Amino acid sequence: GQDVIYAVMPYNAYSTSCEAQTTGPNNDPADAEVNTLTHEIEEANTDPDLNAWYDRRGYENADKCAWTFGTTHTAPNGALYNVTFGGHNWLIQRQWKNSGRGSCALS
């Protein structure tokens, strides 16, 4: 009787359509996965029953900023990253912030 919220996560490494860059900042297949995982987690949080708002193009909040990263830095291996946590650098797409005029943000 309870909803189970889930996302199917494909193996993104080595898939040019699911990777933002061919070499991640940690030289690990998880680099590509973390980026798309944050996208799906955001949508599971804001639209768990698939009946929340969409914009006029049919985009959910994470779709509105998909594949935009804001300010980036260059890792020692030449890969880009925009956040650091857990002792590692990550390139993670921004999410829609619906306050004010709305914008893509990363916090």
Side-chain angles (χ1 to χ4, degrees):
Q2 291 185 327
D3 288 344
V4 176
I5 310 304
Y6 68 94
V8 176
M9 296 304 301
Y11 184 68
N12 291 333
Y14 318 115
S15 167
T16 56
S17 62
C18 294
E19 284 187 301
Q21 53 191 349
T22 56
T23 300
N26 301 297
N27 290 316
D28 189 299
D31 290 333
E33 198 69 33
V34 167
N35 175 49
T36 55
L37 182 62
T38 60
H39 176 105
E40 296 304 330
I41 289 171
E42 177 72 8
E43 289 183 347
N45 281 326
T46 59
D47 187 13
D49 295 318
L50 302 177
N51 60 0
W53 68 267
Y54 296 83
D55 71 8
R56 62 178 162 40
R57 294 179 292 186
Y59 289 173
E60 294 176 89
N61 69 322
D63 298 328
K64 293 176 74 65
C65 301
W67 306 106
T68 67
F69 300 96
T71 302
T72 59
H73 309 282
T74 304
N77 69 354
L80 298 177
Y81 71 95
N82 59 356
V83 297
T84 301
F85 61 88
H88 299 282
N89 299 317
W90 305 96
L91 185 63
I92 296 176
Q93 57 193 287
R94 300 178 298 169
Q95 307 298 334
W96 182 251
K97 180 180 175 185
N98 203 33
S99 61
R101 292 184 171 177
S103 64
C104 294
L106 185 65
S107 60

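Side chains are part of it too, since the values below use all heavy atoms of this structure and drop only hydrogens, waters and symmetry mates. Not measured: the values here are computed from a predicted model.
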Which residues pass the side chain to side chain donor-acceptor pair (under 3.5 Å) test with [X], not counting sequence neighbours?
{"X": "T38", "answer": "none"}
{"X": "N82", "answer": "none"}
{"X": "N45", "answer": "none"}
{"X": "Y59", "answer": "none"}

Disulfide bond (SG atoms under 2.5 Å apart) contacts touching residues 24-72 (sequence neighbours left out)
C65-C104
Among side-chain atoms of E42 and N61, is any donor-acceptor pair under 3.5 angstrom?
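N61 and E42 do have a side-chain donor-acceptor pair below 3.5 Å.
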Can you name the nearest heavy-atom pair linking [X] to [Y], along with the distance?
{"X": "G24", "Y": "Q21", "answer": "CA-NE2, 4.2 Å"}
{"X": "P25", "Y": "A75", "answer": "CB-CB, 4.0 Å"}
{"X": "N51", "Y": "D47", "answer": "N-OD1, 2.9 Å"}

Gap separating the CZ atom of F69 from the CG atom of L80, nearest 0.5 angstrom:
9.0 Å
Distance check, rounded to the nearest 0.5 Å: T46 atom OG1 versus I41 atom CD1?
12.0 Å
Can you pull out every side-chain hydrogen bond (donor to acceptor under 3.5 Å, both in side chains) where at least one residue sits in residues 65-79? Sequence neighbours excluded, please.
N27-N77, T68-R94
Just jot down the side chain to side chain contact (heavy atoms under 4.5 Å, CB included) partners of A44, sequence neighbours excluded, or say none.
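Partners of A44 by the side chain to side chain contact (heavy atoms under 4.5 Å, CB included) criterion, ordered by chain and then number, come out as I5.
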Among all residues two or more places apart in sequence or in another chain, which pass the side chain to side chain contact (heavy atoms under 4.5 Å, CB included) test with E40?
A7, M9, E43
All pairs passing salt bridge (charged side-chain N to carboxylate O under 4.0 Å, His left out) where residues 2-12 contributes a residue, at least two apart:
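Applying salt bridge (charged side-chain N to carboxylate O under 4.0 Å, His left out) to every pair that reaches into residues 2-12, excluding sequence neighbours, yields nothing.
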Determine which pairs satisfy salt bridge (charged side-chain N to carboxylate O under 4.0 Å, His left out) with at least one residue from residues 56-85, sequence neighbours left out, and list them in order.
D55-R57, D55-K64
Note: with side-chain heavy atoms under 4.5 Å as the link, the other cluster members for L106 come out as V34, V83, F85, W90, I92
Mark yes or no for whether D31, through its side chain, and N26, through its backbone, hold a donor-acceptor pair below 3.5 Å.
yes
